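Each remark here refers to the structure printed beneath this line.
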Amino acid sequence: MRNLEVRIRRKPATAGDFEVVPGEIPRLSNGGILCRARWLAVDPFTCVPSAAGTRSSTGPQPGDVVPALGVCEVLESRHDVFAVGQHVVLECGMREICVSDGHHACALHPGQAPASTALGLLGPSGMAAYFGLIDLAGLRAGEMVLVSAAASVAGAMAGQVTRIKGARAVGIGSSREKCDWATRHARFSACIDHHSENLSNRLKQQAPRGFDIYFDNSGGELLEAVLSGHHLAPGGRVILNSVRQDDAADLLRRAGYAPGEVTVLRVNAADYEHRRGEFLKDAIAWYGADRLVCREDVAQGLENAPAHLIKAMRGENFGRPLIRL
Ligand SMILES: NC(=O)c1ccc[n+]([C@@H]2O[C@H](COP(=O)([O-])OP(=O)(O)OC[C@H]3O[C@@H](n4cnc5c(N)ncnc54)[C@H](OP(=O)(O)O)[C@@H]3O)[C@@H](O)[C@H]2O)c1
């Protein structure tokens, strides 16, 4: 049995800054599971969390395996709950074989089919959009919702939840192709390509009185443009879903919003772990009824992981970037 793994050589800028090398086969101890990864999520920000503009001050160092959430098959078990042959979702790192004590692992739900959905629409990205809009923003029928990175998994989920709840979603994307997909498939009423269109004019056109909610997947310049352009209606809510550590309160102040006129909240899917069942019940039913779609951008095998990571880090992915093993 081999155990290829993807390690960080230096702060990633090109595929050569990662290496795919054989690792040791981890030893199984009592209470644990030994698993083989079948799907791995490519989350580029987790490779460089200590980079400027991101939330965490610590993160993986050169020599570390790239962190990754995976869907894995249990090969051997000394665990009370997880059995051989079962599929589990866990932080396994970008490697073929891993062990876990099962603490932060959860069984793949039968409704998470295909299994890759557990890393996308029916996983943390979908959950952040669901709870961000329904719980934090208190989304109501008839409201106007603006969503950046509309073709990303979290963006597409936000657009579709908005529509399901009887509100209207306008997306922002970085290309015509992504925007066309968002309106044709993810049920956005409109989508603005911020590279080729005048964002502020188009936002005013779509919501002359402002948006009730801005679900922000991008942070940075887009967040600043939406806030400084006064595209939020009084009573508006901004839900921050990007790992960037933008100071939205400061942006609001500088844009001249009155205190309390707009609320800024940050969503973190991990804070809703205890309500995962509630999310899955709704999301699996919607998915089964073809009311939810998302795109996947799949690379085959760990050998192709470095190029896929770089593509995602540049935002050039079109769909949830995943590695199939
Ligand atoms: N709060 C949470 O718990 C939680 C959980 C999961 C994900 N998230 C966040 O949700 C956002 C979307 O994640 P996802 O899983 O839906 O991702 P995804 O499907 O892989 O899509 C990522 C998209 O984000 C956009 N983007 C904006 N700024 C970017 C940048 N600096 N580098 C790369 N891409 C950038 C790009 O779309 P455009 O080309 O259209 O700009 C890119 O295609 C991310 O910010 C992620 O960190 C948060």
Side-chain angles (χ1 to χ4, degrees), residues 12-13 40-49 51-56 67-69 89 91 116-133 135-137 146-161 171-183 186 188 191-197 199 215-226 238-246 265-273 275-276 279 292-299 308-323:
L40 293 169
V42 174
D43 285 310
F45 290 115
T46 61
C47 297
V48 279
T54 57
R55 204 187 301 167
S56 172
L69 186 68
V89 183
E91 284 290 343
S116 55
T117 58
L119 305 179
L121 205 54
L122 305 179
S125 307
M127 203 157 126
Y130 176 92
F131 285 114
L133 286 177
D135 194 65
L136 286 185
L146 179 65
V147 180
S148 61
S152 70
V153 180
M157 183 71 172
Q160 292 168 101
V161 167
I172 302 174
S174 65
S175 69
R176 200 60 262 159
E177 192 190 17
K178 286 184 177 183
C179 281
D180 285 347
W181 183 85
T183 48
F188 282 85
C191 184
I192 303 160
D193 170 8
H194 69 98
H195 284 157
S196 69
E197 299 184 75
L199 181 65
F215 190 84
D216 173 63
N217 286 308
S218 311
E221 286 172 16
L222 271 183
L223 175 65
E224 192 164 349
V226 171
V238 176
I239 306 299
L240 302 177
N241 186 43
S242 149
V243 287
R244 289 175 193 251
Q245 208 170 24
D246 298 287
L265 298 159
R266 184 174 282 285
V267 64
N268 184 359
D271 294 344
Y272 287 95
E273 200 42 47
R275 293 175 64 184
R276 210 163 59 89
F279 158 70
L292 292 181
V293 294
C294 86
R295 273 180 71 109
E296 291 180 348
D297 188 346
V298 179
H308 216 46
L309 273 158
I310 293 298
K311 184 178 165 194
M313 287 176 80
R314 293 179 180 152
E316 290 165 3
N317 59 305
F318 184 6
R320 178 66 169 133
L322 298 168
I323 312 281

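Treat the numbers as computed from the prediction; the structure is a model and nothing was measured. Quick note: numbers below take in every heavy atom, side chains included, and nothing from hydrogens, waters or symmetry partners. Start at 1 and go down the list; that is how both ligands and their atoms are numbered.
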Task: Proximal ligand 1 atoms for G173, defined as those under 4.0 Å from one of its heavy atoms - done: 40 (O)

Open item on the list: Please state which option from G123, G126, S152 has its nearest heavy atom closest to atom 21 (O) of ligand 1.
Closed with: S152

Task: Partners meeting side-chain contact (heavy atoms from CB on, under 4.5 Å) with E316 (sequence neighbours left out) - done: K311, R314

Task: Atoms in ligand 1 with a heavy atom of A312 nearer than 4.0 Å - done: 33 (C)

Open item on the list: Looking only at distances, can you tell me whether any N or O atom of S174, backbone or side chain, sits closer than 3.5 Å to an N or O atom of ligand 1?
Closed with: yes

Open item on the list: Within ligand 1, which atoms have a heavy atom of N268 less than 4.0 Å away?
Closed with: 1 (N), 3 (O)

Open item on the list: With a 4.5 Å cut-off on side-chain heavy atoms, are R244 and L223 touching?
Closed with: no

Task: Close side-chain approach of I172 and L199, heavy atoms under 4.5 Å - done: yes

Open item on the list: Before you tell me yes or no, could you show the steps for Y272 and L136 under side-chain contact (heavy atoms from CB on, under 4.5 Å), namely the whole-Å CA-CA distance, both residues' side-chain angles and the distance that decides it to 0.1 Å?
Closed with: CA-CA 11 Å; Y272 287 95; L136 286 185; 3.5 Å; yes

Open item on the list: Need the ligand 1 atom indices (1-based, order shown) with element for anything under 4.0 Å from a heavy-atom of P321.
Closed with: 20 (O)

Task: Pick from L119, N217, L240: the one approaching atom 44 (C) of ligand 1 most closely through a non-hydrogen atom - done: N217

TODO: Could you list the atoms of ligand 1 found under 4.0 angstrom from a heavy atom of A149?
DONE: 24 (O), 25 (C), 37 (O), 40 (O)

- [ ] Before accepting this row, confirm whether a basic side-chain N of the pair R176/E197 lies closer than 4.0 Å to the acidic partner's carboxylate O.
- [x] yes

Open item on the list: Applying a heavy-atom cut-off of 4.0 Å, say which part of A128 lies close to ligand 1: side chain, backbone, both or neither.
Closed with: side chain

TODO: Using a strict 4.0 Å threshold on nitrogen-to-oxygen distance, state whether R266 and D216 make a salt bridge.
DONE: no

Task: Flag, side chain of N217 to backbone of S148, donor-acceptor distance under 3.5 Å - done: yes

Task: Proximity winner for atom 9 (C) of ligand 1, if only heavy atoms of N317, N241, L69, V153 are counted - done: N241

What side-chain donor-acceptor pairs closer than 3.5 Å can you find for residues 117-133, not counting sequence neighbours?
from	atom 1	to	atom 2	distance (Å)
T117	OG1	P114	O	2.7
Y130	OH	D282	OD2	2.5

TODO: Check each heavy atom of S148 against ligand 1 and say whether those closer than 4.0 Å belong to the side chain, the backbone, both or neither.
DONE: neither

Task: Side-chain heavy atoms of D297 within contact of V42, under 4.5 Å - done: no

Task: Contact check, side chains of W181 and V293, non-hydrogen atoms, under 4.5 Å - done: yes

Task: Check: H194 N/O within less than 3.5 Å of ligand 1 N/O - done: no

Open item on the list: Here's a test for you: under side-chain contact (heavy atoms from CB on, under 4.5 Å), which of L322, L69, I323 qualifies with L40?
Closed with: I323

Task: S242 neighbourhood, listing ligand 1 atoms whose heavy-atom distance to it stays under 4.0 Å - done: 45 (O)

Task: G315: numbered ligand 1 atoms lying under 4.0 Å from its heavy atoms - done: 33 (C), 34 (N), 39 (O), 43 (O)

Task: Which of the ligand 1 atoms, numbered from 1, are nearer than 4.0 Å to a heavy atom of A269 - done: 2 (C), 3 (O)

Open item on the list: With a heavy-atom distance limit of 4.0 Å, tell me whether R244 approaches ligand 1 through its side chain, its backbone, both, or neither.
Closed with: side chain

- [ ] With heavy atoms only and a cut-off of under 4.0 Å, state how M313 meets ligand 1: side chain, backbone, both or neither.
- [x] backbone

Task: Exam field: side chain H195 to backbone S174, donor-acceptor pair closer than 3.5 Å - done: yes

Task: From the candidates P124, A182, A150, A270, the one that places a heavy atom nearest atom 5 (C) of ligand 1 - done: P124

Open item on the list: What I want to know is whether D43 and ligand 1 share at least one N or O pair that is separated by under 3.5 angstrom.
Closed with: no

